[in-house]
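Structure first, commentary second.
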Amino acid sequence: LRGCAIVGELLAEDESIRVDLVVVGTVAVSPSSGARVGRGVGIGDLAYAMLRQMRAIDEHTPVVTTVHDCQLADDIHIERMLGYDVFVD
């Protein structure tokens, strides 16, 4: 993240930007439902919510993740997902 401070630029919450693709961190993901489990601290979900609030993304913006085969899990229970949990496409 240190590189962000070097090459990135700070944006105000009300600045108009458009993000074409969201990449979220994942511990495990269900390939059939897109339900994902993160590290449990909600950082990715919070970043997603902030981008939605800024209107930088919308419900049509693709959300993806990268995982190893051993992180694929079809037994993630969707009913346990919370309202702010971000699913992947």
Side-chain angles (χ1 to χ4, degrees):
L1 291 176
R2 292 183 197 143
C4 292
I6 296 169
V7 298
E9 52 184 90
L10 190 59
L11 297 174
E13 185 178 332
D14 60 349
E15 277 192 67
S16 179
I17 63 168
R18 186 72 191 152
V19 175
D20 298 319
L21 176 72
V22 176
V23 181
V24 292
T26 299
V27 172
V29 65
S30 168
S32 59
S33 70
R36 58 174 274 282
V37 177
R39 292 180 42 206
V41 293
I43 297 297
D45 302 309
L46 178 59
Y48 181 87
M50 290 172 63
L51 289 170
R52 287 293 300 260
Q53 179 69 30
M54 294 172 64
R55 295 191 175 134
I57 61 174
D58 59 27
E59 65 276 3
H60 303 293
T61 306
V63 180
V64 299
T65 192
T66 59
V67 293
H68 187 276
D69 288 347
C70 68
Q71 293 172 275
L72 300 175
D74 274 322
D75 59 348
I76 299 174
H77 301 286
I78 295 176
E79 62 273 4
R80 291 188 180 173
M81 304 294 285
L82 301 174
Y84 58 80
D85 286 328
V86 177
F87 283 66
V88 296
D89 298 310

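Heads up: numbering here begins at 1 and tracks the sequence.
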Linking I/L/V/M/F/W/Y whenever any side-chain heavy atoms sit under 4.5 Å apart, do [X] and [Y] land together?
X	Y	value
Leu72	Val88	yes
Ile17	Val22	yes
Val86	Met81	no

Can you establish whether the number of heavy atoms outside [X] located under 6.0 Å from its atom [atom1] is more than 12?
X	atom1	value
Leu10	CG	no
Glu15	CD	yes
Gln53	CD	no

Quiz item: side chain to side chain donor-acceptor pair (under 3.5 Å) with Thr65: which residues, sequence neighbours excluded?
Solution: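 Thr65 satisfies side chain to side chain donor-acceptor pair (under 3.5 Å) with Thr26 only.
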Quiz item: Who are the side chain to side chain donor-acceptor pair (under 3.5 Å) partners of Asp74, not counting sequence neighbours?
Solution: Ser30, Ser32
Self-check item: His68 side chain vs Cys70 backbone, donor-acceptor pair below 3.5 Å
Solution: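 Flag set: sc His68 to bb Cys70 pair under 3.5 Å.
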Practice problem: Could you pull out all residues at least two apart from Arg55 that satisfy salt bridge (Lys or Arg N to Asp or Glu O under 4.0 Å)? | Solution: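 Applying salt bridge (Lys or Arg N to Asp or Glu O under 4.0 Å) to Arg55 gives none.
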Heavy-atom side-chain contact between [X] and [Y] under 4.5 Å:
X	Y	answer
Val63	Tyr48	yes
Val19	Met54	no
Val64	Val23	yes
Arg36	Asp45	yes

Quiz item: When rounded to the nearest 0.5 angstrom, what is the spacing between CG in Asp20 and OG1 in Thr61?
Solution: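 Result: 8.0 Å between the selected atoms.
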Exercise. Please test Asp58 against Arg18 for side-chain contact (heavy atoms from CB on, under 4.5 Å), starting from the C-alpha separation and ending with a verdict.
Key: CA-CA 10 Å; Asp58 59 27; Arg18 186 72 191 152; 3.4 Å; yes
Quiz item: Considering all heavy atoms of both residues, which atom of Ile78 and which atom of Ser33 are nearest to each other, and what is their separation?
Solution: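 So the two residues come closest at CD1-CB, 3.5 Å.
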